Amino acid sequence: MRKDDSTKVWPLKYKQLFHIEDHDFATRPGFGGSPVPVGIDVQVESIDSISEVNMDFTMTFYLRHYWKDERLSFPSTTNRSMTFDHRLIKKIWVPDIFFVHSKRSFIHDTTMENIMLRVHPDGNVLFSLRITVSAMCFMDFGRFPLDTQNCSLELESYAYNEEDLMLYWKHGNKSLNTDEHISLSQFFVEEFSASSGFAFYSSTGWYNRLFINFVLRRHIFFFMLQTYFPAVLMVMLSWVSFWIDRRAVPARVSLGITTVLTMSTIVSGVSASMPQVSYVKAVDVYLWVSSLFVFLSVIEYAAVNYLTTVEEQHRFEKTGKVSGMYNIDAVQAMAFDGCYQDSETDVDQTSFSLHSEEDSVPGRCTGSPSADSSHTKRRKSLGGDVGKAILENNHVIDTYARILFPIVYIIFNLFYWGIYV
């Protein structure tokens with residue numbers, strides 16, 4: 001004879017086996033007596049994301065509950081447990097654990113709801129589910145990006161206070177297990193730990209609370225490449241203006257403005273990826289001090305240009321003549337090296353003042369051998385002494401700036417990295 005298919009009659013059997021119709025599963029086990037102990041253990045599968053802007057994290061893990069409900073005990077000759085899926089959950093009592101400070105959470109449901117219920121003959125129950133939770137993490141960015149963040153996920157019963165439900169870690173500190181391959185793009189997970197405590201609500205009383213604690217240390221290499229290194233380059237680039245001739249106004253001004261704007265872009269990019277906190281971060285200190293150095297290099301040239309103008313005015317009032325350093329032909333000779341300079345120019349090796357003779361024709365390009373010879377000699381003379389001219393024509397502020405700016409910036413870096421690292 002053909003045997004009956006036990007799977008087709010099983011939905012009728014579990015109701016009879018657990019006497020579900022004979023018990024009120026709306027109440028907790030041992031209602032009116034001592035609190036029901038509910039053990040918890042967690043297997044962390046992954047930390048999916050950390051958001052500094054929203055100050056939260058997303059974690060996927062297996063949450064397992066252990067308790068005893070004698071109403072679910074059943075006779076068994078083999079003492080073997082029975083396993084069920086999510087369909088039995090709605091018919092019996094289960095702990096109402098929720099996540100404090102959670103923003104979003106869901107139970108995975110591919111291909112079915114990831115819920116497992118295992119009942120032992122003596123009434124001991126294992127209730128396991130796979131869940132993803134996004135919860136708040138109160139971060140301190142005072143040392144960002146050289147910071148270490150301490151985050152925690154808190155578990156608590158919603159309806160049952162400590163008089164009805166005692167929540168505890170099932171295996172003590174070993175109740176929290178993690179996957180060995182947990183990794184994040186910007187963080188290194190230093191430590192996972194489990195702890196417990198109490199929470200008090202004025203209207204409902206004391207509740208047991210469990211904590212999943214983990215420590216995150218930020219990887220600095222990304223920020224070294226994207227923030228610190230470009231900032232250092234901009235500061236060093238601003239120092240180049242100290243070595244440019246002080247008569248080259250367009251070159252020095254454009255270089256200063258370019259570095260200032262670039263530093264502003266770097267600062268704006270970092271601020272856009274961070275929450276709008278009301279305190280100063282470590283990266284703010286570095287970027288704003290670097291911006292100050294760049295800004296001071298522009299102010300330094302403004303001071304040099306102003307003092308040079310005042311110096312020339314005093315010299316003109318005493319001698320009645322404009323210094324050769326600001327003679328039009330001298331400036332053109334220093335700025336260009338082409339046909340426009342093809343006037344006879346004497347180079348004074350002592351003062352290196354350049355002047356054109358009155359009978360020379362500006363802008364004349366001659367092709368005669370004698371003119372070419374004098375033009376070649378003048379170019380060689382200028383090429384050999386241009387370095388000497390730059391040194392002699394430098395203002396004293398430029399000379400000191402070449403030394404003081406790098407030294408002060410190096411000292412700042414030593415203090416900065418010594419404090420924050």
Side-chain angles (χ1 to χ4, degrees), residues 28-30 34-48 50 57-69 72 81 83-84 86 89 92-102 105-108 113-120 122-138 149-184 187-200 206-217:
R28 67 174 179 84
S34 59
V36 55
V38 177
I40 298 291
D41 75 43
V42 172
Q43 173 74 39
V44 179
E45 181 180 326
S46 64
I47 299 178
D48 304 318
I50 305 290
F57 64 91
T58 302
M59 179 188 293
T60 299
F61 56 93
Y62 300 92
L63 178 62
R64 304 184 182 98
H65 312 68
Y66 302 86
W67 75 93
K68 186 174 182 179
D69 191 344
L72 298 177
S81 62
T83 302
F84 305 91
H86 66 282
I89 299 300
I92 65 172
W93 181 90
V94 293
D96 58 340
I97 303 301
F98 81 104
F99 303 99
V100 184
H101 305 306
S102 66
S105 62
F106 63 91
I107 299 173
H108 291 259
E113 288 190 30
N114 296 175
I115 296 177
M116 185 268 289
L117 185 72
R118 181 171 297 167
V119 183
H120 295 267
D122 59 356
N124 283 306
V125 182
L126 166 61
F127 172 42
S128 176
L129 51 86
R130 181 168 175 255
I131 188 169
T132 294
V133 178
S134 295
M136 292 184 61
C137 178
F138 300 98
Q149 301 296 341
N150 297 285
C151 299
S152 64
L153 182 63
E154 304 173 12
L155 294 76
E156 183 182 312
S157 172
Y158 188 82
Y160 300 100
N161 59 24
E162 64 173 353
E163 296 179 356
D164 291 315
L165 188 146
M166 183 180 68
L167 203 61
Y168 68 100
W169 290 110
K170 176 67 174 178
H171 306 291
N173 292 331
K174 296 182 180 180
S175 300
L176 180 59
N177 301 298
T178 60
D179 194 318
E180 295 180 357
H181 303 290
I182 292 180
S183 62
L184 294 166
F187 292 93
F188 173 73
V189 184
E190 287 191 334
E191 179 186 359
F192 269 98
S193 62
S195 61
S196 60
F198 292 92
F200 176 75
W206 291 91
Y207 291 78
N208 294 110
R209 181 176 291 185
L210 303 182
F211 301 86
I212 301 173
N213 307 304
F214 55 97
V215 180
L216 301 172
R217 179 168 54 85

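As the structure is a computational prediction, the values presented were derived from the model and not from experiment.
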Can you name the nearest heavy-atom pair linking I50 to L216, along with the distance?
CD1-CD1, 3.6 Å

Minimum heavy-atom distance D96-A159, with the two atoms named
OD2-N, 2.7 Å

Verify the neighbour count for atom CD of E163: are there more than 12 heavy atoms of other residues, nucleotides or ligands below 6.0 Å?
no

Can you tell if the side chain of S196 reaches within under 4.5 Å of the side chain of L210, non-hydrogen atoms only?
yes

Between V125 and H65, is there a side-chain heavy-atom distance shorter than 4.5 Å?
no

V44 versus I182, closest heavy-atom pair with distance:
CG1-CD1, 3.8 Å

What orientation do W67 and F127 show, parallel under 30°, tilted 30 to 60°, or perpendicular over 60°?
perpendicular

Using the benzene-type ring in the case of Trp, are the ring centres of F61 and F192 under 6.0 Å apart?
no

Mind checking what makes side chain to side chain contact (heavy atoms under 4.5 Å, CB included) contact with S134, not counting sequence neighbours?
T58, R104

In Å, rounded to the nearest 0.5 Å, how long is the span from CZ of R28 to OH of Y160?
8.0 Å

Return the NZ to NE2 distance between K68 and H120, rounded to the nearest 0.5 Å.
11.5 Å

Where is the tightest heavy-atom contact between Y158 and Y207, given as atom of each residue plus distance?
O-CE2, 3.9 Å

Indicate whether the side chain of D48 and that of T132 have a donor and an acceptor atom separated by less than 3.5 Å.
no

Under the side chain to side chain contact (heavy atoms under 4.5 Å, CB included) test against V133, which residue among F99, F57, F98 passes?
F99

Within-4.5 Å side-chain heavy-atom neighbours: T83 and L117
no

Is there a side-chain contact between D69 and I92 in this structure, where contact means two heavy atoms from C-beta onward sitting under 4.5 Å apart?
no

Sequence-distant partners of R130, side-chain hydrogen bond (donor to acceptor under 3.5 Å, both in side chains), two or more places apart:
E45, H108, N114

The complete set of side chain to side chain donor-acceptor pair (under 3.5 Å) pairs with one or both residues in residues 167-176, sequence neighbours excluded, reads none

Working to the nearest 0.5 angstrom, can you tell me the gap between L153 CG and F214 CZ?
7.5 Å

Using a 4.5 Å cut-off on heavy atoms from C-beta on, say whether the side chain of L63 contacts that of I40.
yes

Between V42 and Y62, is there a side-chain heavy-atom distance shorter than 4.5 Å?
no

CG (N150) and CZ (R217) are apart, to the nearest 0.5 Å, by 13.0 Å

Nearest 0.5 angstrom please: I131 CD1 to L129 CG, how far?
5.5 Å

Any non-hydrogen side-chain atom of V36 less than 4.5 Å from a side-chain atom of W93?
yes

To the nearest 0.5 Å, atom OG1 of T178 lies from atom CG of L176 at 7.0 Å

Is it true that, when you exclude R118 itself, more than 12 heavy atoms of the residues, nucleotides or ligands shown sit nearer than 6.0 Å to its CZ?
no

